[in-house]
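See below for the structure under consideration.
Throughout, a chain's letter reflects where its sequence line sits, starting with A, and its residues are numbered from 1.
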Amino acid sequence: MPDPLFVFFAALTLGGAALLVASRHPVTSAMGMILALLGIAAEFFLLDAYFLGVLQVLVYAGAVMVLFLFIIMLIDAPAAGGAYPWRRAGLGLGALALLGAGALLLAAEPSLARAAGPTPPELAATPEALATSAKAFGRTLWTKYTLPLQLAGLLLLAALVGVVSLSKAPRAAE
Amino acid sequence: MESTLLAHHLGLAGLVFALGLVGVLVRRNLLVTYMCLELMLAAAMLALVAFSRHNGTMDGQALVFFVITVAAAEVAVGLALIVALQRRGGAVSSDRLDALGD
C-alpha cells in the first residue's frame with residue numbers, strides 16, 4: 001500500500017499534466033504545468049531530496065513559469081487560431097504513446113521491484129546522511145562535480161548573452 | 001519497502017513523461033509544446049532522484065541539479081527564439097512553420 005502522501009501528490013502531478021496537455025487556453029496550460037511541477041517538488045521532499053525540492057519550486061515553478069506566463073501574455077497566443085488546438089493526426093499517435101507507456105509500466109512494475117531489489121549493503125546506511133541533504137549535496141557538488149559546476153555557470157552566462165543578442169530590436173540586427 | 005518506493009516513483013515518472021510526449025505530439029501551440037518538453041525533463045528528474053534515494057548516493061541529485069540549470073538556460077533561449085519568430089510575422093503554431101517544406 002503506497003504512502004497516502006505519495007498518492008495525493010502523484011494525483012496532483014498527473015492532474016496538472018493532464019490539464020497542461022488538454023487545456024485550450026495557454027494560460028490554463030501554464031497553471032496545470034505549475035501544479036505538476038509543485039507535485040514533483042513534493043515527491044522530491046518525500047524522497048528526502050529537500051534541497052532539490054526547494055530548488056524545483058524556486059527555479060521551475062517560480063522563475064521559469066513566470067517567464068512562460070510573461071511570454072504568453074506578450075505574444076497573445078490565443079491568436080494562434082480559433083483553430084482546434086489539437087493536431088488531429090497527432091491524436092492517434094498520442095493515444096498510442098500513452099497506451100504503450102501504460103502497457104510497459106504494467107509489464108515492468110513487478111519485475112522492476114524485484115530487479116531493483118534491496119538497497120546494496122555497502123550503500124544502505126545513508127538515509128541519515130541523505131537527511132542532512134543540503135550539506136551532503138553541497139559537498140558532492142564542490143568536490144566530485146566542481147568542473148561541471150563551473151561549466152554550468154559558463155552555460156548560464158552564454159545563455160544570458162545569447163538571449164540579449166536574440167532579443168535586440170530587429171533594426172539593430174541588420 | 002524501499003524498492004516499492006522506487007517502483008512507485010518510477011511509475012509516476014513514466015506516466016508524466018508519457019503525458020509530456022503526448023502533449024508534444026498533439027498540441028499546435030509552440031508554447032504549450034515547449035511546456036510539455038519541460039514536463040518530460042521534470043519526469044526524468046523524478047526518476048533520477050528516485051534512483052539516488054534508492055542507492056543512497058548523491059550523484060543522481062547532482063545530475064538533477066545540472067539538469068535544472070541547463071533547463072533554465074534552455075527555457076530562456078527558447079522563449080527568446082519564439083518571440084523572435086513571432087516578430088518575424090510567423091504565428092506561434094507549429095503547423096505554420098513550414099517554410100523549409102515549400
Side chain, backbone, both or neither: which part of Ala36(A) has a non-hydrogen atom closer than 4.5 Å to chain B?
-> side chain
Would you mind checking which part of Leu48(B) comes under 4.5 Å of any heavy atom in chain A, side chain (CB onward), backbone (N, CA, C, O), both or neither?
-> neither
May I have the step-by-step check of side chain to side chain contact (heavy atoms under 4.5 Å, CB included) for Leu141(A) and Phe66(B), ending in yes or no?
-> CA-CA 10 Å; Leu141(A) 270 190; Phe66(B) 293 119; 3.8 Å; yes
Contacting region of Leu21(B) [heavy-atom separation from chain A under 4.5 Å] = side chain
Whatever's closer than 4.5 Å to a heavy atom in chain B on Phe6(A) counts as side chain
For Glu43(A) and Leu12(B), run side chain to side chain contact (heavy atoms under 4.5 Å, CB included): C-alpha distance rounded to whole Å, both residues' side-chain angles, the deciding distance at 0.1 Å, then the answer.
-> CA-CA 10 Å; Glu43(A) 300 290 352; Leu12(B) 176 63; 3.7 Å; yes
Which pairs of donor and acceptor atoms, one on a side chain in residues 145-160 of chain A, lie under 3.5 Å apart (sequence neighbours left out)?
unit_1    : atom_1 : unit_2    : atom_2 : d
Tyr145(A) : OH     : Asp59(B)  : OD1    : 2.8
Thr146(A) : OG1    : Trp142(A) : O      : 2.9
Thr146(A) : OG1    : Thr143(A) : O      : 3.1

Which distance, rounded to the nearest 0.5 Å, do you find between the CD1 of Ile72(A) and the CD1 of Ile82(B)?
-> 9.5 Å
Per-residue contact mode, Glu74(B) against chain A (heavy atom under 4.5 angstrom) = neither
Check whether Leu14(A) gets within reach of chain B through its side chain, its backbone, both or neither, counting any heavy atom under 4.5 Å.
-> both
To the nearest 0.5 Å, how far apart are CG in Leu37(A) and CE in Met35(B)?
-> 10.5 Å
Rounded to the nearest 0.5 Å, how far does CZ of Phe44(A) lie from NE2 of His9(B)?
-> 9.5 Å
Point-to-point distance, once rounded to the nearest 0.5 Å, from NE2 of His8(B) to CG of Leu46(A) | 12.5 Å
Could you go through the side chain to side chain contact (heavy atoms under 4.5 Å, CB included) check for Gln61(B) and Phe51(A) one step at a time?
-> CA-CA 9 Å; Gln61(B) 294 196 24; Phe51(A) 181 71; 5.9 Å; no
Side chain to side chain contact (heavy atoms under 4.5 Å, CB included) assessment of Leu46(B) paired with Leu47(A) = CA-CA 9 Å; Leu46(B) 182 59; Leu47(A) 288 165; 4.2 Å; yes
Is it the backbone or the side chain of Phe65(B) that comes under 4.5 Å from a heavy atom of chain A, or both, or neither?
-> both
Could you grab the distance from atom CG of Leu15(B) to atom OG1 of Thr13(A), nearest 0.5 Å is fine?
-> 10.5 Å
Quick one: does Ser29(A)'s side chain get under 4.5 Å of Val32(B)'s, heavy atoms only?
-> yes
Could you look at Ala30(A) and say if it's the side chain, the backbone, both or neither that has a heavy atom under 4.5 Å from chain B?
-> both
Pairs of heavy atoms under 4.5 Å with chain A: top-ranked of Ala43(B), Ala50(B), Gly14(B), Ala73(B) = Ala73(B)
